[in-house]
Amino acid sequence: MPELPEVETTRRGIAPFCEQETVRRVTVRNPALRWPVPAELAARMEGRVIRAVERRAKYLLIRFDDGSAIVHLGMSGSLRVITDDSPLMTHDHIEVELASGTRLRFNDPRRFGCWLWSEDPDHHALLASLGPEPLAPEFNGPYLYRLSRGRKTPIKSFIMDNHTVVGVGNIYANEALFKTGIHPKRLAGRISLDRYHRLAEAIKETLSAAILMGGTTLRDFVNSDGKPGYFAQSLLVYGRGGEPCRECGEPLREIRMNQRTTVYCGRCQR
DNA sequence: AGTTTAACCTGGGTGC
DNA sequence: TGCACCCAGGTTAAAC
């Protein structure tokens, strides 16, 4: 589920229930996530007030006065708001109970997610070397052009690299490259400023639109299983290998780059 | 330093 | 039905 729009949707979904609420209890049922959940996490959170729920890249920061929980949803994680007595599901690894009685339930079948504690999250190793947020003004054509000079990595790898820009996962990399007409294998150092301008805009548009659509499932999100299904109809290439290109009708090609499915139009993307 | 590869996990789908 | 295999929205650490 979690590309950046899902993480932002999650943040918006849980923040109203969390902010200025006291944590009553943290239950870690399975600490074996990507890294072991630190034993101190519960003690650091219990009895403290959540001041804000923020997002940096695909990390959620649950901020307290003296530190933050750093949460990542990995490939298969979700965070749901529980207001009733709905039963535990398999892979419900962590639960945060608030003084209001509302609970946050973290479910993650593949356990690629993480829950860490940091007193200074903004300088934590996981966050310190990240590139700009895709929706920030400093992420733009000139930035991409400057950073890419001399680089021989394919453009798809380049924009999926967190050092370049955060939050561009496999789906949105495919979509943005199609919208810009850039072949995913084109070397990053061989792309013009003008094309980078359009690529940055396409990334912003694609992510913004997805966040807006994620927003439409927000109400559901509180009560439901938290699986937004917003993207299927709006995707131009992802999941459409072999089907006709929406621009020219030619069958879309599907290849693998860095172990990830890559879909593109051989005619429209150069 | 830049770039690629392997690894962390479970579950669902497919083909034999 | 069973089993082997491939695939999945992410990211890091190690290896070229």
Side-chain angles (χ1 to χ4, degrees), chain A residues 1-11 29-37 55-60 70-79 89-94 106-116 124-131 133-134 146-177 184-190 203 206-207 209-211 213-214 217 221 225-242 254-263:
Chain A
M1 293 119 235
E3 289 226 27
L4 185 140
E6 285 87 341
V7 179
E8 177 61 20
T9 299
T10 297
R11 188 195 70 76
R29 297 193 173 82
N30 184 354
L33 303 184
R34 190 179 207 291
W35 298 285
V37 178
R55 180 187 59 74
R56 173 70 175 110
K58 292 173 188 167
Y59 292 94
L60 290 170
I70 301 176
V71 179
H72 199 291
L73 302 179
M75 295 265 278
S76 58
S78 64
L79 201 48
M89 312 280 284
T90 340
H91 309 302
D92 278 342
H93 303 312
I94 295 182
F106 174 75
N107 183 286
D108 186 7
R110 291 176 72 182
R111 288 189 277 120
F112 283 4
C114 73
W115 279 67
L116 301 172
H124 190 280
L126 288 172
L127 305 181
S129 64
L130 293 174
E133 288 287 326
R146 206 172 341 105
L147 191 63
S148 63
R149 291 311 87 187
R151 299 288 296 272
K152 292 179 165 46
T153 195
I155 184 60
K156 181 166 183 259
S157 307
F158 183 65
I159 58 172
M160 288 183 69
D161 183 340
N162 275 338
H163 297 98
T164 304
V165 58
V166 302
V168 181
N170 193 42
I171 292 178
Y172 297 114
N174 281 302
E175 295 298 307
L177 288 171
K185 282 191 167 175
R186 174 166 290 276
L187 302 188
R190 304 278 316 270
I203 288 172
T206 308
L207 290 174
I211 290 171
M213 282 185 264
T217 66
F221 167 75
D225 62 3
K227 288 181 183 171
Y230 62 78
F231 48 76
Q233 59 275 49
S234 57
L235 293 178
L236 300 172
V237 289
Y238 186 81
R240 297 192 62 242
E254 185 163 313
I255 61 173
R256 286 185 76 73
M257 286 180 64
N258 304 334
Q259 282 92 271
R260 309 217 83 98
T261 301
T262 303
V263 190

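Residue numbers start from 1 in every chain, and the chains themselves are labelled A, B, ... in the order their sequence lines are given, proteins ahead of strands. Just so it is clear, the values below take in all heavy atoms, side chains as well, and ignore hydrogens, waters and symmetry mates.
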Where protein sits on nucleotides 11-16 of chain C, one letter per nucleotide: B base, S sugar-phosphate only, - none, heavy atoms under 4.0 Å
BS----
At less than 3.5 Å, do the side-chain atoms of A:Glu3 and the base atoms of C:dG10 form a donor-acceptor pair?
no
Are more than 12 heavy atoms, taken from residues, nucleotides or ligands other than A:Arg29, located less than 6.0 Å from that residue's CZ atom?
yes
State plainly whether the residues A:Glu133 and A:Arg55 are in salt-bridge range, i.e. N to O under 4.0 Å.
yes
In chain order, what residues pass the side-chain contact (heavy atoms from CB on, under 4.5 Å) check against A:Val263, with sequence neighbours excluded?
A:Val237, A:Leu252, A:Glu254, A:Thr261
State whether the distance check finds a donor on one side and an acceptor on the other, under 3.5 Å, for side chain A:Arg111 versus base B:dC9.
no
Taking side-chain contact (heavy atoms from CB on, under 4.5 Å) as the test, write out the residues that go with A:Pro109, two or more places apart.
A:Ser76, A:His91, A:Asn107
Treat a base pair as Watson-Crick or G-U wobble with both distances under 3.5 Å, then lay out DNA chain B in dot-bracket form, 5' to 3', with | for cross-strand pairs.
.|||||||.|||||||
Apply salt bridge (charged side-chain N to carboxylate O under 4.0 Å, His left out) to A:Arg151 and list each qualifying residue two or more places apart in sequence or on a separate chain.
none
Would you say C:dG9 has OP1 or OP2 under 4.0 Å from some side-chain N or O of A:Asn170?
yes
Identify, with sequence neighbours excluded, every residue that meets ring-ring contact (aromatic ring centres under 6.0 Å, His included) alongside A:Phe158.
none
Take A:Asp161 and A:Pro109, find for each the nucleotide of DNA chain B with the closest heavy atom, and name the residue whose nucleotide sits nearer the 5' end.
A:Asp161
